[in-house]
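All values reported here derive from a predicted model rather than from experimental measurement. Hydrogens, waters and symmetry mates play no part in the numbers below; they use all other heavy atoms, side chains included.
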Amino acid sequence: MRSLISLSILLFAMLGLGGCQSVPTDAEIQIQVAKQVLSHNNEKIFSLENFHKVNGLSVDKQTYIAEVEYDLVFRKGLEELSAELNRASNDNPLAAFGSGMELLTQLMKYGQFKAGDRIPHHEKFKLIKTEQGWRMAADFNL
């Protein structure tokens, strides 16, 4: 009887601790990286492929540094984006100005690019544990 009670207590303790992850899973890291990288309409320009967590460091129970690699694969080329911008400028000049600034930013960041071009990335991201799971520290200006 005692062994059954001890086993039950051990089982409940293991189940209880299982829900308290001290580090984010690779899937959680990938979701958070994709949210950040593909924000501001970037998902229309490129996709994130070949994601791989290279390394990680648990700073404390609430903070984790993830070192990741991934490829950005361009869905559209610079010429195609420029043509879309020209068509949009006829309908809404103010929106076209914003899109033009976005396009200029992409050009400065990636240079001339064509649909299908692949750019490898190797970066570190800081994640924090929140009440609703792991999130990018950048979401909170940390």
Side-chain angles (χ1 to χ4, degrees), residues 3-142:
S3 62
L4 183 59
I5 292 172
S6 297
L7 184 60
S8 297
I9 291 172
L10 181 61
L11 181 62
F12 283 121
M14 287 174 59
L15 289 173
L17 292 176
C20 302
Q21 292 180 332
S22 59
V23 298
T25 65
D26 290 3
E28 288 173 311
I29 295 169
Q30 183 175 357
I31 289 168
Q32 293 304 315
V33 168
K35 280 182 184 177
Q36 183 166 332
V37 171
L38 300 176
S39 65
H40 306 295
N41 289 325
N42 284 338
E43 73 277 356
K44 295 177 183 176
I45 300 170
F46 45 74
S47 62
L48 189 143
E49 295 181 6
N50 300 326
F51 181 89
H52 174 71
K53 183 182 96 174
V54 177
N55 204 355
L57 171 67
S58 185
V59 177
D60 55 41
K61 290 182 180 180
Q62 302 298 112
T63 311
Y64 187 80
I65 307 293
E67 182 179 0
V68 301
E69 294 178 337
Y70 58 90
D71 293 336
L72 290 180
V73 181
F74 286 88
R75 298 177 191 271
K76 301 175 181 181
L78 189 59
E79 289 180 15
E80 186 179 352
L81 290 170
S82 295
E84 287 178 9
L85 178 62
N86 285 336
R87 286 191 298 272
S89 65
N90 294 333
D91 298 336
N92 188 346
L94 191 56
F97 177 76
S99 297
M101 294 305 292
E102 227 174 270
L103 187 60
L104 181 59
T105 301
Q106 298 299 338
L107 177 61
M108 289 173 35
K109 194 170 186 177
Y110 303 112
Q112 294 284 339
F113 55 88
K114 300 179 296 252
D117 282 356
R118 182 176 296 269
I119 300 176
H121 280 264
H122 186 112
E123 293 185 71
K124 293 179 184 172
F125 292 94
K126 182 178 180 182
L127 293 100
I128 58 172
K129 190 170 188 173
T130 69
E131 293 174 346
Q132 298 164 347
W134 289 93
R135 300 263 312 269
M136 287 289 187
D139 292 349
F140 301 95
N141 296 322
L142 298 176

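Considering NZ of K44 and CG of L38, their distance stands at 12.5 Å, rounded to 0.5 Å. Between K53 atom NZ and D26 atom CG the span is 4.5 Å, to the nearest 0.5 Å. Here the CZ atom belonging to F113 is positioned 6.0 Å from the CD1 atom belonging to I45, to the nearest 0.5 angstrom.
Minimum interatomic distance between V73 and G116 (heavy atoms only, all atoms of both residues): CG1-O, 4.2 Å. Counting all heavy atoms, side chain and backbone alike, T25 lies closest to E28 at N-OE1, 2.7 Å. Nearest heavy atom pair, residue S22 against residue S58, reads O-OG, 4.1 Å. Closest heavy-atom contact between R75 and F46: NE-O, 3.6 Å.
Residues T63 and K126 form a side-chain contact, since some pair of their non-hydrogen atoms from C-beta on lies under 4.5 Å apart. The side-chain heavy atoms of V68 and F125, taken from C-beta on, include a pair separated by under 4.5 Å.
Contacts of F51 classified as ring pair (Phe, Tyr, Trp, His ring centres under 6.0 Å), with partners at least two apart in sequence or in another chain: none. For the side-chain hydrogen bond (donor to acceptor under 3.5 Å, both in side chains) test, residues two or more places apart in sequence or in another chain that qualify with R118 are E49, D71. Residues that satisfy the ring pair (Phe, Tyr, Trp, His ring centres under 6.0 Å) test with Y70, not counting sequence neighbours, are H121. Among residues two or more places apart in sequence or in another chain, the side-chain contact (heavy atoms from CB on, under 4.5 Å) test is passed with T130 by I128, Q132, R135, F140. Qualifying side-chain hydrogen bond (donor to acceptor under 3.5 Å, both in side chains) partners for E67, counting only residues two or more places apart in sequence or in other chains: H122.
Within 6.0 Å of CD in E123 there are more than 12 heavy atoms belonging to other residues, nucleotides or ligands.
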Show me, pair by pair, the donor-acceptor contacts under 3.5 angstrom made by side chains of residues 30-37, not counting sequence neighbours?
| from | atom 1 | to | atom 2 | distance (Å) |
| --- | --- | --- | --- | --- |
| Q32 | NE2 | W134 | O | 3.4 |

